[in-house]
Amino acid sequence: MKNKKSKILVLSDLKESTRNVLKSSVSLAKMVDGDIDFFHVIKPTDVVEKESQLSAFRTINEQHSATKKDIQNFVNPLSEAYGIDINYSYTFGNVKNEIREHIANNKPDIIVLGKRTSKTFKVMGDSITQFVLKEYDGVIMIASDNALEPNKNLSLGFFNDIDESFEFVENLIKHTEAPVKSFKIRKKSDALKEANISDDKKTIEFVFEKNDNTIMNLSNYLSKNNINLLCINRGKKKTANKLSFMSSDIKEAINKLDVSLLLSGGQNFSIQQ
């Protein structure tokens, strides 16, 4: 019996970065054997402002046609280039409410968002990254502008443990250039340590001391090791000598790490401004 495909939901604002977000989603779909569902929400107030009813209907109809064309311009070239079907839909309404309903009805296994590009930490104009992190406890990918290339191996890193709590880990490792890099934070550490921790998985571990520069140091090591996807285990609890990845760490990682992030299912995080 054929295994059920994973459902990948791509939430898009139809900005220029959408092309790279979709390309990374295609890459992910090929690695985890997933189907892609592309979804966009239009706020009615962005379309109709103080117009007559007849004019408003005309404007909405025009927006339907324009939105469908915009989505097809993003979706069709990638679908044809990589031989993968990308389903798409869009709707008018309150962005958060429509996304919440779409998630509830479709029950995705992974949600993909574009990495924020402004200092206000807002995506799709309404803090959607924060909203999804708070509402959804499944796997989330924050795709950077440096798109993952479909049909090419990853340079993969893990922040926190590699274990069974991280869905799709086996699929990712199959498509990864060896060795895998593992990055951890310890409460007490005289200096950064590096050691081979798993011969069979060909994994190298880097251990950082928890301080104000931890994420910046991590960023430097990600760059030196050419990591293009960092998996973060957000479901772990504190142990005697390790620190869990908290909401403040997630926010700082999204702000400062110039790689795509894959967050495991687990804790829901509310990221405050």
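By convention here, the first residue in the shown sequence is residue 1. Just so we're clear, the structure is a prediction, and the values are computed from it rather than from any experiment.
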### Task
Measure across L172 and L229 and return the closest heavy-atom pair with its distance rounded to 0.1 Å.
CD2-CD2, 4.4 Å
### Task
Mind checking the CG-CD1 spacing from D37 to I111? Nearest 0.5 Å is all I need.
10.0 Å
### Task
Please lay out, stage by stage, how D35 and K5 fare under the test salt bridge (charged side-chain N to carboxylate O under 4.0 Å, His left out).
CA-CA 6 Å; D35 287 327; K5 285 199 168 186; 3.8 Å; yes
### Query
Taking all non-hydrogen atoms of both residues, which atom of T67 and which atom of L14 are closest, and how far apart?
CG2-CD1, 4.0 Å
### Shortest non-hydrogen separation from T214 to E209 and the atoms involved
OG1-O, 2.9 Å
### Task
Locate the shortest heavy-atom distance separating S155 from N225; write the atom from each residue and the value.
OG-O, 3.4 Å
### Query
How many angstroms lie between atom OG1 of T129 and atom CD1 of I254, to the nearest 0.5 angstrom?
6.0 Å
### Query
Do the side chain of S79 and the main chain of I84 share a donor and acceptor less than 3.5 angstrom apart?
yes
### Query
Taking it one step at a time, do F168 and L262 satisfy side-chain contact (heavy atoms from CB on, under 4.5 Å)?
CA-CA 10 Å; F168 312 111; L262 192 69; 5.7 Å; no
### Query
Does F208 have its ring centroid less than 6.0 Å away from the ring centroid of Y221?
yes
### Message
With a 3.5 Å distance limit and no angle check, can you tell me whether T203 reaches the backbone of K181 through a side-chain donor-acceptor pair?
### Response
no
### Summary
Sequence neighbours excluded, the answer for side-chain contact (heavy atoms from CB on, under 4.5 Å) partners of N97 is N94, R100
### Message
Would the distance check show the side chain of S24 and the main-chain N or O of L148 forming a donor-acceptor pair, the cut-off being under 3.5 Å?
### Response
yes
### Query
Would you say the side chain of F39 lies within less than 4.5 Å of the side chain of V10, judging by non-hydrogen atoms?
no
### Query
Considering the options I227, N228, D258, which one meets the side chain to side chain contact (heavy atoms under 4.5 Å, CB included) requirement together with L222?
I227
### Query
Do H102 and S89 have side chains that get closer than 4.5 Å, going by heavy atoms?
yes
### Task
Would you check if the side chain of T18 reaches a backbone N or O of K15 as a donor-acceptor pair within less than 3.5 Å?
yes
### Query
Are any of the side-chain heavy atoms of K134 and Q130 separated by less than 4.5 Å?
no
### Query
Of the non-hydrogen atoms in E16 and F74, which two are nearest, and what is the gap between them?
O-CE2, 4.4 Å
#### Entry: Atom CG of D212 with >12 non-hydrogen neighbours under 6.0 angstrom
no
### Query
Do S27 and M31 come close enough that some side-chain heavy atom pair is under 4.5 Å?
yes
### Task
Using atom types as modelled and distance alone, determine if a side-chain donor or acceptor of Y82 lies under 3.5 Å from a backbone N or O of P77.
no
### Non-hydrogen side-chain atoms of F92 and K43 separated by less than 4.5 Å
no
#### Entry: Under 3.5 Å donor-acceptor, S260 side chain and S144 backbone
yes
### Query
How far does CG of L9 sit from CD1 of I110, to the nearest 0.5 angstrom?
10.5 Å
### Query
What's the spacing between K23 NZ and R19 CZ if we round to 0.5 Å?
9.0 Å
### Query
How many angstroms lie between CG in L261 and CG in L113, if you round to the nearest 0.5 Å?
11.0 Å
### Query
Hey, does the side chain of N20 reach the backbone of N146 with a donor-acceptor pair shorter than 3.5 angstrom?
no
### Task
In sequence, state the C-alpha distance, the side-chain angles, and the governing distance for F158 and V169, and then conclude on side-chain contact (heavy atoms from CB on, under 4.5 Å).
CA-CA 10 Å; F158 283 85; V169 62; 3.5 Å; yes
### Message
Test your reading of the model: is there a side-chain donor-acceptor pair from D109 to the backbone of K7, 3.5 Å cut-off?
### Response
yes
### Query
Considering only heavy atoms from C-beta outward, does the side chain of L28 approach that of M141 to under 4.5 Å?
yes
#### Entry: Donor-acceptor contact below 3.5 Å, side chain H40 vs main chain S12
yes
### Task
Report the distance from atom NZ of K174 to atom CG of N153, rounding to the nearest 0.5 Å.
13.0 Å
### Query
Can you tell me if N213 uses its side chain to pair, donor with acceptor, with the backbone of M216 under 3.5 Å?
no
### Task
List the steps and the verdict of side-chain contact (heavy atoms from CB on, under 4.5 Å) for I232 and F183.
CA-CA 10 Å; I232 297 176; F183 303 90; over 6 Å; no
### Atom of S219, atom of K256 and distance for their closest heavy-atom approach
OG-O, 3.7 Å
## Note on the structure
Between V41 and the options V95, L11, D13, I128, the side chain to side chain contact (heavy atoms under 4.5 Å, CB included) test singles out V95
### Message
For a 4.5 angstrom cut-off between non-hydrogen side-chain atoms, does V75 reach L22?
### Response
yes
### Message
Quick one, K184 with F159, criterion side-chain contact (heavy atoms from CB on, under 4.5 Å). Give me CA distance, side-chain angles, the key distance, then yes/no.
### Response
CA-CA 6 Å; K184 295 182 179 180; F159 204 143; 5.6 Å; no
